[in-house]
Amino acid sequence: MDHAADAHRTDLMTITRFVLNEQSKYPESRGDFTILLSHIVLGCKFVCTAVNKAGLAKLLGLAGETNVQGEDQKKLDVLSNEVFIKALVSSGRTCVLVSEEDEEATFVEPAKRGKYCVVFDPLDGSSNIDCGVSIGTIFGIYMMKDAHEPTLDDVLQPGKNMLAAGYCMYGSSCTLVLSTGKGVNGFTLDPSLGEFILTHPDIKIPKKGKIYSVNEGNAKNWDGPTSKYVENCKFPKDGSSPKSLRYIGSMVADVHRTLLYGGIFLYPADKKSPNGKLRVLYEVFPMSFLMEQAGGQAFTGKQRALDLVPKKIHDRAPIFLGSYDDVEEIKRLYAAEEKN
Ligand SMILES: O=P(O)(O)OC[C@H]1O[C@](O)(COP(=O)(O)O)[C@@H](O)[C@@H]1O
Ligand SMILES: [Mg+2]
Ligand SMILES: [Mg+2]
């Protein structure tokens with residue numbers, strides 16, 4: 001690390017300073033959000049370290065348990081979940097927590113309770129853990145509806161009610177991407193400082209992209225509009241060049257690339273999974289919130305993803321998200337299908 005070069009850099013904006021500046025714009029804010037976020041950031045740093053040394057610290061492989069989704073939990077799924085539950089409860093700013101790894105929501109005891117609800121996927125891309133491919137953590141933050149005993153209603157809100165959303169990608173570098181409803185910013189962890197530094201200010205997704213990202217292994221079970229869309233990506237009828245296929249199999253990594261390069265990420269419904277695979281509260285909503293904040297779109301095949309109102313905490317929904325024009329194309333195909 002060239003500390004000399006760093007010493008001259010005056011724009012060393014840490015995520016804490018960034019959020020503090022944001023919050024200072026709202027006189028009513030008492031810093032509660034900043035405190036909550038600093039605990040999420042701490043959790044990300046902890047998990048990043050664990051992921052980096054997973055092979056050395058015997059943290060690869062299965063934990064021997066199965067989660068509510070019927071998936072065999074990885075050791076890092078369980079560890080990340082424990083880390084975030086502890087970090088969020090100890091922030092003293094949360095009341096309801098929903099994790100992919102816990103069947104039931106966690107209601108924080110009154111003495112440690114605050115006004116925020118956090119929904120999160122502690123470790124996303126679990127199938128890629130043991131081969132060291134990029135994985136991540138996804139989170140979304142709601143305000144509890146009003147001052148009463150917190151209930152599930154405080155999290156079963158439409159995605160558009162989220163106050164903030166983000167993800168942390170554990171890849172070649174550790175990148176945290178955050179939106180508090182005023183645009184999207186990316187921060188890279190500087191391991192020598194232990195600080196997330198602003199490296200991607202005001203991310204705007206390109207209006208149209210050259211990449212499509214989907215698990216084509218499910219193609220035989222797709223509906224008409226999805227099949228037509230992917231066919232158009234490969235064999236464009238307007239003479240434009242075919243799109244490139246990129247699919248990592250970790251939503252965080254596939255969405256991160258889509259956000260920066262443009263294009264579309266889709267996990268559609270199909271005959272086998274009529275509601276798709278990805279979970280509404282802690283995968284679909286946070287990523288849709290970020291995509292819209294960056295100028296893109298997020299669509300379920302029927303409606304704007306953020307207008308969905310989940311009935312259960314582990315509900316799933318089909319998702320098409322990415323560059324505005326690319327998602328517009330799939331919306332047209334579903335609208336045409338509807339007309340027929
Ligand atoms: O293997 P598939 O069916 O393509 O599914 C991949 C998708 O499943 C996920 O791994 C599900 O998330 P988890 O790993 O958190 O369970 C997404 O990250 C990814 O987009
Ligand atoms: Mg996930
Ligand atoms: Mg997960």
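Just follow the structure's listing: the first ligand is 1, and inside any ligand the first atom is 1.
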- Query: Would you say ligand 1 has an N or O under 3.5 Å from any N or O of M251?
  - Reply: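 M251 vs ligand 1: N/O contact under 3.5 Å present.
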What protein heavy atom sits nearest [atom], and how far off is it?
atom                    : answer
atom 16 (O) of ligand 1 : E100 OE2, 2.8 Å
atom 1 (O) of ligand 1  : K277 NZ, 3.8 Å
atom 6 (C) of ligand 1  : Y247 OH, 3.4 Å

More than 12 heavy atoms from other groups under 6.0 Å of [atom1] on [X]:
X    : atom1 : value
F46  : CZ    : no
K204 : NZ    : yes
K210 : NZ    : no
K234 : NZ    : yes

Within the 3.5 Å criterion, strictly below it, is a donor on [X] or [Y] matched to an acceptor on the partner's side chain?
X    : Y    : value
E292 : Q297 : no
Y334 : D223 : yes
Q73  : N67  : no

- Query: Which one holds for E101 and ligand 1: side chain close, backbone close, both close, or neither close, with close meaning a heavy atom under 4.0 Å?
  - Reply: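 E101 to ligand 1: no contact under 4.0 Å from either part.
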- Item | Proximity to ligand 1 by part of S126, non-hydrogen separation under 4.0 Å |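 Answer for S126: both.
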- Would you call the rings of F320 and F299 parallel, tilted or perpendicular, where under 30° means parallel and over 60° means perpendicular?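 Tilted, since the angle between the ring planes falls between 30° and 60°.
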- Query: Parallel, tilted or perpendicular: which describes the rings of F120 and F84, with under 30° parallel and over 60° perpendicular?
  - Reply: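 Rings of F120 and F84: tilted, as their planes differ by 30° to 60°.
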- Any idea which of G249, G125, S127 brings a heavy atom closest to atom 19 (C) of ligand 1?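 Closest candidate by heavy-atom distance is G249.
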- Message: Using heavy-atom distances only, which candidate in V252, D124, L123 approaches atom 9 (C) of ligand 1 most closely?
- Response: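 Shortest heavy-atom distance from atom 9 (C) of ligand 1: D124.
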- Atoms named by residue and atom, protein N, O or S, within reach of the Mg ion (ligand 2) (under 2.8 Å):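 For the Mg ion (ligand 2), the protein N, O and S atoms that sit under 2.8 Å away are D121 OD2, D124 OD1, E283 OE2.
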- Whether Y142 side chain and Q157 backbone form a donor-acceptor pair below 3.5 Å: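 Here the side-chain-to-backbone pair exists.
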